[in-house]
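Treat the numbers as computed from the prediction; the structure is a model and nothing was measured. Per chain, numbering begins at 1; letters A, B, ... match sequence-line order.
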Amino acid sequence: MNLSEIIDGLNNEQSQSVTLNDAQSALILAGAGSGKTRVLTHRIAYLVTQKNLHIDAILAVTFTNKAANEMRERLNVLLRRPIRSMWVGTFHGLAHRLLRTHPAEANLRPQFQILDQQDQYRIIKRLMKENQMDESKFPVRKVQWFINQQKDEGIRPNDIEVGYNFFIKKSLEIFKLYEAHCNANDLIDFAELLVRSYELLKNNPVLLTHYQTRFAHILVDEFQDTNTMQYKWIKLLFDGNNKVFCVGDDDQSIYGWRGAKIENITKLETDFAPIQTIRLEQNYRSTGNILNASNALIANNSNRMGKSLWTDAGDGELIDLYEARTETDEADFVISTIQKHLDNGASANECAILYRSNAQSRGFEERLIKYNIPYIIYGGLRFFERAEIKDALCYLRLMETTADNVAFERVVNFPTRGIGAATVEKIRGFARENQTNLFQAATNIASTLPTRAANALVAFTQLIEQMQDDTKHLDLSEKVAHLIKASGLITHYSNDKTDKAGSKTANLEELIAAARQYNHEEDNDMSETLGFISLASLDSSGNTNAPPTQNVQLMTIHSAKGLEFPYVFLTGMEEDLFPSRQSKDEPHLMDEERRLCYVGMTRAMKKLSLSFAIKRFLHGQSIYAHPSRFLSEIPSKYLNQIKQKYGATSKNYQKDDSFNQDIAPQANGELSIGRTVKHAKFGFGTVLNFEGNGDSARVQIKFKTAGTKWLISTYANLEFV
DNA sequence: ACAATAGGGATTTTT
DNA sequence: TCCCTATTGT
């Protein structure tokens, strides 16, 4: 492979990045749609083919499995050689690989298991219950959040100063118990993968030197999304002799709430000095209008590293901005516009409906069903997170290692077999006292129990042993197929009346297929089964390169990051919804909302449509909303504002028309939310909300002294102050 | 063991 | 309003 093959079709900056001296570290500030994945993979190809770098000397890190798989595929094509041994993967996947390779040095038994969010939640919940913590005062989610937050920062319980904060004090107690529990049961949660592998290297200078020397080049994707531990992890592997190549875009940092530190990208310049910064500003995705509008929006953020995207693709169409009366009206606009695109020959999967929060999908879904347009909603439970799949996997885990307590707890009485809470509690007690696992405890304790429970328990342990025996010589997928039947799961789910579509049994069938497709890489000590189980935890998507289907795509803006669509509808552009209410008081949160908006807008290739509703039904009540501030940050010359009622598609025109023009803020300028009014009896107050029309029009007012009231406006005789 | 019911909470979720 | 969880009743 020669150089021209690698840099063919790259622009100046891209090719400069790719062919940078191999003794040089680099930060590539890659704007949306500027071809960053291409630069990253071509850089690797350049190092391997032009600088004769061995593929084992490369460490390439991404955030998602999807990105990692994509990179592998592209490298396979580019390098025309197997790259199996190359360390390309997610932070978590690579950390996991380190721990599996050196379990003893990391103080782990080789059979350690990965805890996913759900498993973690269950454990924390049980620990809280056992310690009489009131869940209504201390929500499990919050405690789980607290623990993960600490771990993402590399903070261990002993590092935390107990202050006056009661929540922190109690959470810390649980944190300690949780850590002890995980250590006793060989459990590693997501954050622990990083912390533990970090400590592994930190405490083993020989190992550290080995990997520092081995990885001559460390390449990191989406650097703006790294959290503290991930940053420290990369920094530890960097000894100054090796080089980093980090790609990121500070304008697309949208995971700050999850611990991502946007500052990491600026810290690079000092911590990894000397490092050369290159900006990729030519956009190959969107039209000029979309790009200029996005640039104008993001310019409102402070502390940017600075970057301005351009395109030579031409202005394209203006951005539609639709003012809807209600969320139903908004859905009508979006769906009928999509219908027009379809009529003009577009395919459904070229259209994406994006929103800030999942709850907004419902209205669109209803319309899509009504107009018979195929769609797919992203979000919700992924394949390996589904209850029936987790059930089956827990049987698999128990068969692999009967000492797996998490798996034991989940399936000991599922499908129900007469082993109640009391029995399980006795098993736990015995296991605690005798320092053994639950399965062993169950075998030992059975004879001491009342006959009924004893029989049930013996039946269960024998079932597991029998399944182990029966599947000894079967391959992975046959094993899964066997366990689904033998455990009674398939019978249980086919009798499930709540699952009319039979999707649960279908999913179980799908699991057999997934096991068949799993290709095990024997680059570590894991058995095939253990490898499959780990994969299920680390990549819960269950995607086996699912072919793109002809569906309109509905998803949150967060999940749209990294994707692109010809037609994008960015919906619910209202204050308190987007930007979210929870972000309005904190400038740095507001900046993140704006970046999110920027991400959403820059997903669009040909046509972007923005929309907001004047009145939205949310959390069981109608709310009058103001257009998002982001809309006013987009210069109107890029916008095509549409205000009139869209089309005649709405059959519920009358019903929707509860918005009374007579009392609309636009109509008379008198009554509007936030307006101060005076009432003869209740005195001064502020208008919170209003609805209805004619004689039934009502106004909600928060009075200074009389509290909040709904008043019929025709009787209220309000005086505007 | 399961269905009916009540209560509380309701961004975003790469791993 | 809707959805998830916990509790209660059969």
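A:Phe578 comes within contact range of no nucleotide atom at all, as no heavy-atom separation falls under 4.0 Å. Within 4.0 Å of A:Glu593, counting heavy atoms only, lies at least one base atom of the nucleic acid.
For the residue pair A:Asn148 and A:Gln120, a side-chain donor N or O sits within less than 3.5 Å of a side-chain acceptor on the partner. When only modelled atom types and interatomic distance are considered, A:Tyr493 and A:Asn507 share no side-chain donor-acceptor pair under 3.5 Å. Between the side chains of A:Asn301 and A:Tyr598, no donor-acceptor pair of N or O atoms lies under 3.5 Å.
When each of A:His626, A:Arg629, A:Arg356, A:Arg616 is paired with A:Glu574, the side chain to side chain contact (heavy atoms under 4.5 Å, CB included) condition holds for A:Arg616 and for no other.
Across the interface with DNA chain B, nearest-nucleotide mapping of A:Leu589 and A:Leu193 shows A:Leu589 to be the residue nearer the 5′ end. Between A:Ile419 and A:Ser541, the residue anchored closer to the 5' end of DNA chain B is A:Ile419, taking for each the nucleotide with the nearest heavy atom.
An aromatic stack links A:Trp257 and the base of B:dT12, using centre distance under 5.5 Å and interplanar angle under 30°.
Side-chain proximity of A:Phe617 to the nucleotides B:dT15, C:dT1, B:dT11 is greatest for C:dT1. Of all nucleotides listed (B:dT15, B:dT13, B:dT11), B:dT13 comes nearest to the side chain of A:Ser559. Between B:dT11, B:dT14, B:dA1, one nucleotide has an atom nearer to the side chain of A:Thr416 than all others, and that is B:dA1.
One C1' atom belongs to B:dT12, the other to C:dT5, and the distance between them is 22 Å to the nearest Å. Atom P of B:dT13 sits at a distance of 15 Å from the matching atom of C:dC4, rounded to the whole Å.
The base of B:dT13 has none of its N or O atoms less than 3.5 Å from a complementary donor or acceptor on the side chain of A:Arg382. Side-chain atoms of A:Glu135 stay outside donor-acceptor range of the base of C:dT5, with no qualifying N/O pair under 3.5 Å.
Cation-pi geometry between A:Arg285 and A:Phe565 is not satisfied (NZ or CZ under 6.0 Å from the ring centre, within 45° of the ring normal).
Note on A:Asn358: every side-chain N or O is 4.0 Å or more away from OP1 and OP2 of C:dC3. Listed pair A:Asn65 / B:dT15 meets the phosphate criterion, a side-chain N or O lying under 4.0 Å from OP1 or OP2. Side-chain N/O atoms of A:Arg362 include one lying less than 4.0 angstrom from OP1 or OP2 on C:dC2. In terms of phosphate contacts, A:Ser580 brings no side-chain nitrogen or oxygen within less than 4.0 Å of OP1 or OP2 of B:dT12.
Distance A:Leu563 CG to B:dT14 C1': 12 Å, rounded to the nearest Å. Look at CG on A:Asn69: it is 13 Å from C1' on B:dT15, rounded to the nearest Å. Atom NZ in A:Lys66 sits about 11 Å away from atom P in B:dT14, given to the nearest Å. In this structure, A:Gln144 places its CD atom 11 Å from C1' of B:dT13, rounding to the nearest Å. Spacing between atom CG of A:Asp539 and atom P of B:dT13 amounts to 16 Å, rounded to whole angstrom units. The distance from atom CD1 of A:Ile114 to atom P of B:dT15 is 12 Å, rounded to the nearest whole Å. In this structure, A:His92 atom NE2 and B:dT15 atom P are separated by 8 Å, rounded to whole Å. Taking atom CD1 of residue A:Ile188 and atom P of nucleotide B:dT15, one finds them 19 Å apart after rounding to whole Å.
No salt bridge links A:Lys584 with A:Glu593; every basic N to acidic carboxylate O contact stays at or beyond 4.0 Å.
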